[in-house]
2 protein chains.
Amino acid sequence: MRSRTEKTLAPEREKIIRTLLRERRVVRVEELCKELHASPATVRRDLADMEKKGVLRRVHGGAVSVESRLEEPLAFDDKTAIAAREKRRIAKAALALIQPNDTIYLDGGSTTLDLARLLKDRTDITLVTNSLRAAAELSGGGPRLILVGGELRRQAQTIVGTLTAETIKTLHFDKAIMGTIGMTLKEGLTTTDPGEAFTKQQAMSQAGEVILLAHSEKIGGISFAHFGDVDCADHLITDKGIPEPFKKQLQKMNIKVTVV
Amino acid sequence: MRSRTEKTLAPEREKIIRTLLRERRVVRVEELCKELHASPATVRRDLADMEKKGVLRRVHGGAVSVESRLEEPLAFDDKTAIAAREKRRIAKAALALIQPNDTIYLDGGSTTLDLARLLKDRTDITLVTNSLRAAAELSGGGPRLILVGGELRRQAQTIVGTLTAETIKTLHFDKAIMGTIGMTLKEGLTTTDPGEAFTKQQAMSQAGEVILLAHSEKIGGISFAHFGDVDCADHLITDKGIPEPFKKQLQKMNIKVTVV
DNA sequence: CGTTTTTTGATTGCTTTTGATCATTTATAA
DNA sequence: TTATAAATGATCAAAAGCAATCAAAAAACG
């Protein structure tokens with residue numbers, strides 16, 4: 001018997017490479033060997049095949065995504081790679097809800113950042129955000145962009161605290177698209193930082209509709225600072241990992257649930 | 001033998017260089033070595049390649065963005081590099097004026113951006129800014145950072161407009177460090193955008209001391225939107241290009257002039 | 001079950017990339 | 001201006017990556 005790690009078959013390897021490439025735009029051969037439990041030779045063969053198909057461009061040491069025209073602000077933290085596929089699909093579902101001339105509040109967080117990336121072409125909306133990374137993402141072009149004023153929380157690269165109220169209170173949003181760290185029926189919506197929580201509350205109170213984007217891992221989790229009950233949200237977009245009873249409960253509370 | 005630092009692939013390096021160049025307009029080889037975990041030789045090779053492609057222009061010590069005519073009308077020749085150096089020196093002089101526990105307003109602009117870079121170690125101050133680039137520069141660490149809220153003006157990557165007043169009016173600054181596009185005795189201080197002018201006025205009105213950083217090229221120039229008379233400034237820092245009569249005039253008006 | 005085909009991983013020699021050295025050029029300061 | 005320091009380009013050796021080949025292992029097939 002071989003080691004516990006299953007051998008990865010060719011089509012599956014290709015899928016993984018595609019995913020990694022979409023996430024990072026650049027992959028190293030060495031990296032892929034570990035990820036795929038395959039030898040460098042196999043990885044190179046795979047890359048060569050995929051290059052023939054036009055999926056990627058090989059470079060010394062690895063490969064880059066062929067649609068590398070997209071620009072990323074900086075190669076900073078990339079722990080956001082976890083569950084990236086689902087997050088992206090959640091973001092895409094949220095994108096479908098945005099209508100022309102909407103004024104949208106976009107919260108900080110990795111899922112909402114994915115959404116920001118999808119908004120680069122939407123010049124027909126106004127986007128208000130407290131996320132420095134979202135702003136950087138859209139600094140080159142895209143929606144009319146309004147930043148919330150306040151103190152930078154470096155850990156999350158968001159603008160938070162009491163000062164944010166000064167900006168937010170003068171605005172109204174058609175939709176507020178929020179992220180969360182924890183979500184339970186009993187404890188409601190929670191996040192790591194009180195300043196963050198305050199700003200979230202402000203934003204939600206000014207919104208006609210609150211759309212919550214949450215990877216299913218967040219369900220059942222509780223963090224430090226409470227920023228609202230689950231029924232603050234009008235619409236939850238999550239992935240298939242959501243427990244059925246939880247989904248039923250939300251629907252009973254008149255919260256729309258979209259599973260992607 | 002290299003240790004823990006991740007290897008950076010060639011296309012990654014190029015992308016990072018492009019990004020940095022877009023943010024700063026000028027990059028030093030030394031700087032890039034650190035950023036890319038590469039040797040000077042490699043960095044020079046990369047720069048040479050990119051120069052061939054026309055992405056940048058190499059100068060002694062590093063490279064300048066080829067599209068640095070954002071605010072510089074005559075930015076094609078060697079003057080760019082020279083001006084960049086002078087701007088850095090102006091920024092350095094301004095740095096010397098900043099004292100522990102100061103609360104500083106930092107205006108947008110290329111010279112002030114140079115100053116932002118010098119502030120990465122100053123954790124002993126509070127910095128308020130409307131410059132997205134300055135914020136990005138300091139997003140990793142440095143002073144307590146407060147961003148002004150308002151609309152993003154993409155051309156200059158600054159936050160401007162009436163909304164900025166909501167944030168600024170609640171704050172007081174020990175020093176406001178301002179840039180300008182034009183500066184004459186008669187027309188005063190002028191900039192390209194009315195929204196920009198409004199925000200500048202707001203910031204200066206809340207400051208105990210107004211320090212103006214201006215490359216000497218700006219002297220004698222007039223732009224579109226007036227944001228104050230020259231005597232709004234308490235202190236001008238500029239380079240040797242300042243005409244002597246102009247300097248005398250300012251001093252007669254009780255404005256301190258520092259020439260670097 | 002055995003044979004054939006495909007896929008994989010190891011070995012080898014070759015190419016590209018990288019970083020160190022050093023003489024030369026270029027900037028800065030006195 | 002000259003002196004001093006810094007940056008550069010050329011060269012070269014080491015390291016990393018690569019393609020080709022081949023044998024072993026898996027999968028497919030009868």
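Note that the structure is a prediction, hence the values are computed from the model and not measured.
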- Task: Report yes or no: do B/D239 and B/S216 form a side-chain donor-acceptor pair below 3.5 Å?
- Result: yes
- Message: Within the 4.0 Å heavy-atom criterion, would you say B/R28 contacts the bases, only the backbone, or no part of the nucleic acid?
- Response: nothing
- Query: Do B/D107 and B/T112 get their side chains close enough for a donor-acceptor pair, meaning under 3.5 Å?
  - Reply: no
- Item | Whole-Å gap separating C1' (D/dG17) and CD (A/E30) | 11 Å
- Message: What is the separation between atom CD on A/E14 and atom C1' on C/dT7, rounded to the nearest whole Å?
- Response: 15 Å
- Under-3.5 Å donor-acceptor pair between B/R45 side chain and D/dG9 base: no
- A/R58 near the nucleic acid: base, sugar-phosphate alone, or nothing, with a heavy-atom cut-off under 4.0 Å? sugar-phosphate
- Query: Looking across every strand, which nucleic acid part, if any, lies under 4.0 Å from A/V59 by heavy atom: base, sugar-phosphate, or nothing?
  - Reply: sugar-phosphate
- Message: From the set C/dG19, C/dT17, C/dG9, return the single nucleotide nearest to any side-chain atom of B/S39.
- Response: C/dG19
- Note on the structure: Whole-Å distance, B/L9 CG to C/dT16 P, equals 17 Å
- Item | Donor-acceptor side-chain pairing of B/S223 and B/T190 below 3.5 angstrom | no
- Please tell me which of the listed nucleotides, C/dA10, C/dT18, C/dG19, lies nearest to the side chain of B/R13? C/dT18
- Within this structure, what is the CG-to-P distance between A/L47 and D/dG17, rounded to whole angstrom? 13 Å
- Task: Starting from C1' on D/dA27, measure out to CD on A/E12 and report it in whole angstrom.
- Result: 16 Å
- B/A38, nearest nucleotide to its side chain (from C/dT26, C/dG19, D/dC18): C/dG19
- Message: Of the options C/dA10, D/dC18, D/dG9, whose atoms approach the side-chain atoms of A/R44 most closely?
- Response: D/dC18
- Message: Without decimals, in angstroms, what is the distance between A/D46 CG and C/dT6 P?
- Response: 17 Å
- Task: Using whole Å, report how far CG of A/L32 lies from C1' of D/dG17.
- Result: 14 Å
- Message: Is a donor from one side chain sitting under 3.5 angstrom from an acceptor on the other, for A/T111 and A/H215?
- Response: no
- Message: Rounded to whole Å, how long is the line connecting atom NZ of B/K240 with atom P of C/dA29?
- Response: 8 Å
- Message: With a 4.0 Å cutoff (strictly under), does any side-chain N or O of A/T42 reach OP1 or OP2 of C/dG9?
- Response: yes
- Message: Hydrogens and angles aside, do B/K200 and B/T191 bring a side-chain donor and acceptor to less than 3.5 Å of each other?
- Response: no
